[in-house]
Amino acid sequence: MSTLATKRALISLRKGDQVKVMTGKDAGKTGRVLSVNARKSTVIVEHANIIKRHTRPNPSKNIKGGIVEKEAGINVSNVMIVCGSCGKHTRIGHNRLSDGTRTRVCKRCGSVLDK
Ligand SMILES: [Zn+2]
């Protein structure tokens with residue numbers, strides 16, 4: 001029996017979603033989701049949670065030394081999707097259309113979040 005599969009939270013966020021960071025040093029920032037890590041339950045949000053990585057130069061691998069700024073993952077529970085219709089951060093609701101396809105909807109205004 002696999003407990004991992006059942007414990008894994010379902011991530012409703014997708015690449016390209018506009019999200020708002022709710023906690024941490026970048027709280028209040030909005031940005032686009034660059035990638036989703038389902039295993040770690042984190043998302044990479046552009047311009048948010050920037051970490052500075054100090055790298056040593058390695059000429060054989062053509063790596064220049066210095067400080068590289070890079071987005072670090074944020075836990076999905078710390079970001080909320082921004083609705084394109086009402087412009088506010090919202091929880092995601094799920095709707096099943098009559099033809100069986102699932103859509104994500106804004107809990108505030110009810111408009112469909114998937115284009
Ligand atoms: Zn809305």
Find out if a path of hydrophobic residues (ILVMFWY) with successive side-chain heavy-atom gaps under 4.5 Å connects Val33 to Val79.
-> yes
Heavy-atom closest contact (Ala48 atom, Ile74 atom, distance) = CB-CD1, 4.1 Å
Counting heavy atoms not belonging to Asn62, are there more than 12 under 6.0 Å from its CG?
-> no
Are Val43 and Val21 connected in the hydrophobic side-chain network, where two residues link if heavy atoms are under 4.5 Å apart?
-> yes
What distance do His94 atom NE2 and Arg104 atom CZ have between them, rounded to the nearest 0.5 Å?
-> 7.5 Å
Can you hop from Val112 to Val82 via hydrophobic side chains spaced under 4.5 Å?
-> no
Sequence neighbours excluded - salt bridge (Lys or Arg N to Asp or Glu O under 4.0 Å) pairs with any residue from residues 40-68 | Lys52-Glu69
Shortest non-hydrogen contact between Ile51 and Ala72, atoms and distance = CG2-CB, 3.8 Å
Report yes if the side chains of His89 and Arg108 come closer than 4.5 Å at any heavy-atom pair, otherwise no.
-> yes
So does Asp114 pair up with Arg14, basic N to acidic O under 4.0 Å?
-> yes
Could you walk me through whether Ser85 and Cys106 pass the side chain to side chain contact (heavy atoms under 4.5 Å, CB included) test, one step at a time?
-> CA-CA 9 Å; Ser85 296; Cys106 171; over 6 Å; no
Quickly, which of Asn95, Ile92, Leu113 forms a side-chain contact (heavy atoms from CB on, under 4.5 Å) with Val105? Name it, please.
-> Asn95
For Leu13 and Ile81, the nearest pair of non-hydrogen atoms, with its separation, is CD2-CB, 4.0 Å
Judged by atom type as modelled, is there a donor-acceptor pair below 3.5 Å linking the side chain of Asn37 to the main-chain atoms of Thr42?
-> no
Can you get from Val19 to Ile44 by hopping between Ile, Leu, Val, Met, Phe, Trp and Tyr side chains that sit under 4.5 Å apart?
-> no
Please round to the nearest 0.5 Å and tell me the distance separating atom CD1 of Ile50 and atom NZ of Lys29.
-> 6.5 Å
Ser41 side chain to Val76 main-chain N or O, any donor-acceptor pair under 3.5 Å?
-> no
Do Ser111 and Cys83 come within less than 4.5 Å of each other through their side chains, counting heavy atoms only?
-> yes
Lys20 NZ to Thr30 OG1 distance, which is reported to the nearest 0.5 Å | 7.5 Å
